[in-house]
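Worksheet for the structure shown next.
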Amino acid sequence: MAFRTDLAVEAVENLPHAADLQQVKQTERTIEGFSVREVDILGEAAAREIGKPCGRYITLELDALVRREEDAFPRACRALCTLLRELLPDCAASGPVLVTGLGNRMITPDAIGPQAADHVIATRHLVEQVPDVFASWRPVSALAPGVLGQTGVETGEVICGVLDRIRPTAVLAIDALAAGRLSRLLRTIQLADTGITPGAGVGNARAALNRETLGVPVIAIGVPTVVDGATLAHEIAAQLGSPSCEALDDLSLPVMVTTRDIDREVTDIARVIGYAVNMALHPHLTVSDVDLYLS
């Protein structure tokens, strides 16, 4: 059975010969007290082995936020802001940006994207209509397009239609992911400059959103909110030395596992993402400033 995960760090960890992989660079550092791990996939052979496109994958671990440590929220916002600025292409240094929150707002584990978009300050109309006040602001548009089952329109189709009108220099796509291990649920944010495939984590992949399909750089911001039940069960069985187990047959149909406090945790981490996006796109803003503008 395949190990299902959207996280590049887990995909690499799960390879038995990960240390021997060529064309893969792994680094670790700390920002604002949070651990950051980066996986750079530099060649097509490595990309096929790992199952991820070539590019940069940066993982921010937010254990301090989960533990409610002092100043954890502003530190998490600043850390994520720093990483987003690293990935934003030079062509998007001051140009218009589209922030899109992917997912179904009515299903909590899939609501990260729409809830994060709620915290993004939309400025495109203000820059156009009140240039004397907002001349120093970047034009930003925020969109939560819903899902095919709600709208009858593919997410990619909605975004392409909007792109034709606002012509952004980059797209930030926020979505829920699937992890392979419970320890990373809602404690990890993955950033990637390779775009994203909505629904891939739960086996319902839609059209990919990336530079090739949209024509502009796409920065993906993903948070693992579920673990595939079969993946989790097989991992436990393997660690116990019992790869064959009758109960595993019950997981032949898709089963997703999430946390008990999913509502609060999604709300918390969506707020971190929204604030960090604002600060990355408008460098003059602080956490307190974002509080003021969103109040």
Side-chain angles (χ1 to χ4, degrees), residues 6 60 62 73 76-77 80-81 83-85 87-88 92 95-127 137-151 153-163 165-166 168-177 186 189-192 195-199 201 206 209-210 214 216-225 262-282 285 287 289-295:
D6 290 322
L60 175 65
L62 296 177
F73 176 76
C77 293
L80 183 56
C81 168
L83 298 175
L84 277 172
R85 288 178 183 168
L87 288 185
L88 279 171
V97 170
L98 172 64
V99 181
T100 177
L102 308 176
N104 188 340
R105 188 186 296 272
M106 305 305 295
I107 300 175
T108 305
D110 198 30
I112 282 282
Q115 287 195 26
D118 290 342
H119 295 292
V120 173
I121 303 171
T123 58
R124 177 173 173 263
H125 60 303
L126 299 174
V127 172
W137 291 65
R138 179 202 304 263
V140 174
S141 304
L143 173 69
V147 295
L148 180 65
Q150 293 174 313
T151 65
V153 184
E154 287 281 4
T155 299
E157 293 174 334
V158 175
I159 294 174
C160 284
V162 173
L163 289 181
R165 298 292 298 177
I166 68 174
T169 54
V171 172
L172 302 185
I174 309 165
D175 201 6
L177 305 177
L186 294 147
I189 299 177
Q190 176 177 271
L191 308 178
I196 198 165
T197 302
R206 318 310 300 174
L209 305 177
N210 51 38
L214 300 185
V216 296
V218 179
I219 307 301
I221 307 170
V223 178
T225 60
I262 182 69
D263 298 82
R264 175 184 58 79
E265 291 172 327
V266 164
T267 298
D268 289 348
I269 205 163
R271 184 166 172 252
V272 169
I273 294 172
Y275 275 53
V277 167
N278 289 320
M279 294 161 62
L281 298 180
H282 308 289
L285 292 182
V287 172
D289 293 332
V290 177
D291 272 331
L292 178 63
Y293 283 107
L294 291 178
S295 62

What are the two closest non-hydrogen atoms of [X] and [Y], and how far apart are they?
X: S141; Y: I166; answer: OG-CD1, 3.8 Å
X: L87; Y: A192; answer: CD1-N, 3.9 Å
X: M279; Y: V290; answer: CG-CG2, 4.2 Å
X: A276; Y: C77; answer: CB-O, 3.5 Å
X: G95; Y: T169; answer: C-OG1, 3.6 Å
X: G101; Y: P145; answer: O-CD, 3.5 Å

If you measure from [atom1] on [X] to [atom2] on [Y], what distance do you get to the nearest 0.5 Å?
X: R264; Y: I269; atom1: CZ; atom2: CD1; answer: 11.0 Å
X: L62; Y: E265; atom1: CG; atom2: CD; answer: 11.5 Å
X: I196; Y: L177; atom1: CD1; atom2: CG; answer: 5.5 Å
X: R165; Y: L163; atom1: CZ; atom2: CG; answer: 12.5 Å
X: T100; Y: I174; atom1: OG1; atom2: CD1; answer: 8.0 Å

Should [X] and [Y] count as side-chain neighbours, where that means a heavy-atom distance under 4.5 Å?
X: Y275; Y: D291; answer: yes
X: L83; Y: I189; answer: no
X: D6; Y: D175; answer: no

Checklist entry - Residues in side chain to side chain donor-acceptor pair (under 3.5 Å) with D110, at least two apart? => result none
Checklist outcome for this item: Sequence neighbours excluded, the answer for side chain to side chain donor-acceptor pair (under 3.5 Å) partners of Q150 is N104
Next on the checklist: Can you classify the ring geometry of H282 versus W137 as parallel (below 30°), tilted (30 to 60°) or perpendicular (above 60°)?
Outcome noted: tilted
Please tabulate, one pair per line, all N/O donor-acceptor pairs under 3.5 Å involving side-chain atoms of residues 217-225, not counting sequence neighbours.
unit_1: T225; atom_1: OG1; unit_2: P109; atom_2: O; d: 2.7

Checklist entry - Would I121 and L285 satisfy side chain to side chain contact (heavy atoms under 4.5 Å, CB included), going step by step from the backbone distance to the final call? => result CA-CA 11 Å; I121 303 171; L285 292 182; 4.2 Å; yes
Item to check | Pairs involving residues 115-126, ordered by first then second residue, that meet salt bridge (Lys or Arg N to Asp or Glu O under 4.0 Å) (sequence neighbours left out) | outcome: R105-D118, R124-E128
Next on the checklist: Just to verify, what does V120 make a side-chain contact (heavy atoms from CB on, under 4.5 Å) with, not counting sequence neighbours?
Outcome noted: V99, V140, A142, V277, N278
Item to check | Passing candidate, side-chain contact (heavy atoms from CB on, under 4.5 Å) with L102, options I159, L143, I112 | outcome: I159
Checklist entry - By ring-ring contact (aromatic ring centres under 6.0 Å, His included), which residues pair with H119, not counting sequence neighbours? => result none
